Each structure stands twice: as C-alpha cells, then as structure tokens.
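The next block holds one structure in the form of structure tokens; read it before the comments.
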Amino acid sequence: MPTIRDATEADLPQILAITNAAILETTAVWNNTLATLEARGAWMRDRQGRGFPVLVAEDNGQVLGFASFGDFRPFEGYLHTVEHSIYVATSAHRRGVGSALLATLVERATAMGKHVIVGGIEAGNVASLALHARAGFVETGRMPEVGQKFGRWLDLVFMQKMLNSG
Ligand SMILES: CC(C)(COP(=O)(O)OP(=O)(O)OC[C@H]1O[C@@H](n2cnc3c(N)ncnc32)[C@H](O)[C@@H]1OP(=O)(O)O)[C@@H](O)C(=O)NCCC(=O)NCCS
C-alpha cells in the first residue's frame with residue numbers, strides 16, 4: 001500500500017498531471033481549462049496556510065493520488081463543515097488508494113474538530129459514489145442539471161459524513 005503523507009512543493013508536477021488528466025477525461029472536475037503549476041502551487045499553499053490538509057498517496061517516489069479539504073462555504077456559519085476532493089491516477093485505480101486517502105481526510109477533519117465532511121459528486125460517477133458509500137457517507141442532496149461538460153448537463157450529488165457531535 002502507498003504511504004499517505006502531506007504534500008510538498010516537490011509533489012506539485014505529479015499533482016498537476018493527475019489534475020489535468022481528470023480535467024481532460026472525467027466529469028469529476030467541472031472545468032475544461034487545464035491547470036498550471038503556478039495555480040496548483042498557489043492552491044496548495046493557500047490550503048496548507050489555513051491549516052487544511054493536502055495529502056498525497058506515494059509509492060516508491062511516485063504520486064498515485066492526492067486529496068484535500070477546505071471550507072464548504074466561506075461564511076462563518078459553515079465553520080464546522082468541510083468539502084473534500086480526491087483524485088487517483090487512472091493507472092492506480094481500484095487498488096485501495098482512494099479509500100486510504102479518504103480515510104485519512106476523515107481522520108484529519110475529525111482531529112480538527114469538524115462536524116461534517118461533504119463531497120460534491122457528479123451523479124454518473126459510480127466509482128466515487130461507491131467509494132464514499134463504502135466509507136460511510138450518505139447522500140443528502142441531489143441537484144439536477146446544475147453543470148455542463150462534454151456537451152451535456154450534469155447532476156450534482158452531495159454525500160456527507162457526520163464527524164464530531166459537539
Ligand atoms: C473515485 C476514485 C477516487 C476512486 O479511487 P480508487 O483508488 O480507484 O478507489 P478504491 O480502490 O479505494 O476503491 C474503493 C471502493 O470504491 C468502489 N469503486 C471504486 N472504483 C469503482 C468503479 N470503477 N466502479 C464501481 N465501484 C468502484 C468499490 O466499492 C471499491 O472497493 P473494491 O475495489 O473493494 O470493490 C477514482 O476512481 C478517481 O480518482 N476517479 C477520477 C476522479 C474522481 O472521480 N474523483 C472523485 C471526485 S468526487
């Protein structure tokens with residue numbers, strides 16, 4: 001199994017490659033414009049600077065996937081809720097990498113005292129829906145046709161997991 005650890009600047013080229021493959025090939029990210037190294041670096045430093053994790057799954061120096069969470073919405077009332085994302089390189093799918101990243105995100109959010117962790121998932125993304133269901137997430141929202149990619153409407157499913165009860 002890969003090691004799950006906090007990402008560093010040296011991981012950014014591999015994070016960028018995984019991000020851009022997801023932009024080009026999937027409905028996991030609702031964007032058509034490729035990311036840049038500068039933008040990924042700024043995103044990572046912003047997340048880490050605000051105390052949020054950016055994790056990588058590494059095996060023998062190779063980044064197989066990455067994951068992170070941040071504010072769900074930028075208003076004080078949402079302070080105890082975070083929204084996460086997970087990306088695994090296609091060549092490493094179905095080897096438990098996504099599950100390991102998700103489990104660590106849940107541990108980190110719990111340790112930070114967060115109350116809810118939520119993921120926004122395209123309704124046709126069976127892999128992500130199954131991954132989250134297996135990790136104890138439940139569907140709490142479904143928004144028809146709120147996005148577009150590859151010339152078709154996309155539905156957004158929210159799945160959340162309750163953490164600390166405080
Ligand atoms: C979704 C994603 C993160 C899953 O990562 P992964 O490392 O392949 O997942 P795991 O190997 O940990 O799989 C865990 C479980 O999820 C389910 N699952 C994963 N991929 C699946 C698929 N293609 N079809 C059905 N179920 C799937 C299975 O229950 C699996 O357990 P099993 O292999 O023992 O049956 C990965 O497919 C991915 O990065 N996709 C592109 C980006 C993306 O969709 N990110 C999520 C955005 S919300």
Side-chain angles (χ1 to χ4, degrees), residues 1-7 11-36 39-40 43-44 47 52-73 78 81-110 114 116-163:
M1 272 305 287
T3 304
I4 308 297
R5 59 165 175 78
D6 288 289
D11 298 316
L12 283 171
Q14 294 185 83
I15 289 174
L16 178 68
I18 294 169
T19 302
N20 280 339
I23 289 171
L24 287 171
E25 296 159 16
T26 78
T27 53
V29 51
W30 296 10
N31 218 354
N32 300 306
T33 308
L34 292 179
T36 63
R40 288 277 72 184
W43 166 79
M44 187 178 82
R47 281 275 163 102
F52 292 121
V54 178
L55 305 174
V56 292
E58 184 211 313
D59 194 17
N60 279 328
Q62 201 190 348
V63 174
L64 303 181
F66 71 95
S68 182
F69 62 71
D71 292 322
F72 174 53
R73 302 187 77 191
Y78 293 105
T81 299
V82 290
E83 180 168 3
H84 69 285
S85 54
I86 304 178
Y87 298 95
V88 175
T90 311
S91 57
H93 279 185
R94 218 63 194 262
R95 284 163 40 189
V97 177
S99 298
L101 285 165
L102 184 55
T104 308
L105 286 182
V106 167
E107 280 172 22
R108 293 289 187 94
T110 303
K114 297 299 178 184
V116 175
I117 182 167
V118 58
I121 303 167
E122 192 263 312
N125 189 347
V126 290
S128 187
L129 294 172
L131 169 80
H132 284 86
R134 222 177 77 155
F137 284 70
V138 294
E139 179 178 329
T140 50
R142 187 172 281 255
M143 303 172 74
E145 300 188 359
V146 289
Q148 274 190 344
K149 194 168 180 181
F150 304 138
R152 62 184 174 87
W153 291 111
L154 302 178
D155 300 348
L156 183 65
V157 174
F158 283 110
M159 292 185 80
Q160 74 179 65
K161 184 178 174 79
M162 306 304 296
L163 305 173

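Just so it is clear, the structure is predicted and the values come from calculations on it, not from any experiment. Ligands are counted one by one from 1 in listed order, and the atoms in each one are counted from 1 as well.
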Specify the protein heavy atom at minimum distance from atom 45 (N) of ligand 1: its residue, its atom name, and the distance to 0.1 Å.
Ile86 O, 2.7 Å
Atom 27 (C) of ligand 1: the protein heavy-atom neighbour that sits closest, reported with distance to 0.1 Å
Arg94 CZ, 3.6 Å
Please could you name the atoms of ligand 1 that Val97 approaches to less than 4.0 Å, counting only its heavy atoms?
7 (O), 12 (O)
Of all the heavy atoms in Gly119, does at least one lie under 4.0 Å from an atom in ligand 1?
no
Distance filter under 4.0 Å to Arg95 heavy atoms, resulting ligand 1 atoms
11 (O)
Could an N or O of ligand 1 be found under 3.5 Å from any N or O of Ala28, whether backbone or side chain?
no
When only distance counts, is Arg134 in polar contact with ligand 1, meaning an N/O pair under 3.5 Å?
yes
What residue and atom, counting heavy atoms only, is the protein's closest point to atom 26 (N) of ligand 1, and at what distance?
Ala130 CB, 3.6 Å
Any salt bridge between Arg108 and Asp6, counting N to O under 4.0 Å?
yes
Note: ligand 1 atoms sitting under 4.0 Å from heavy atoms of Asn125 are 43 (C), 44 (O)
In terms of atom number and element, which parts of ligand 1 are under 4.0 angstrom from non-hydrogen atoms of Ile121?
48 (S)
His84 and Phe137 aromatic ring geometry - parallel, tilted or perpendicular at 30°/60° bounds:
tilted
Does any N or O of ligand 1 fall below 3.5 Å from an N or O anywhere on Ala92, backbone included?
no
Report yes if some N/O of Val88 lies less than 3.5 Å from some N/O of ligand 1; otherwise report no.
yes
Heavy atoms only, cut-off 4.0 Å: how does Val29 contact ligand 1, side chain, backbone, both, or neither?
neither
Results of salt bridge (charged side-chain N to carboxylate O under 4.0 Å, His left out) for Arg40 - residues two or more places apart only:
none
Of all the atoms in ligand 1, which lie at a distance below 4.0 Å from a heavy atom belonging to Ser99?
10 (P), 12 (O), 13 (O), 14 (C)
Only distances under 3.5 Å count here; give the side-chain donor-acceptor pairs of residues 151-161 to other protein atoms, sequence neighbours excluded, each with its distance to 0.1 Å.
residue : atom : partner : partner atom : Å
Asp155  : OD1  : Glu145  : N            : 2.7
Gln160  : OE1  : Thr140  : OG1          : 3.2
Lys161  : NZ   : Ala135  : O            : 3.0

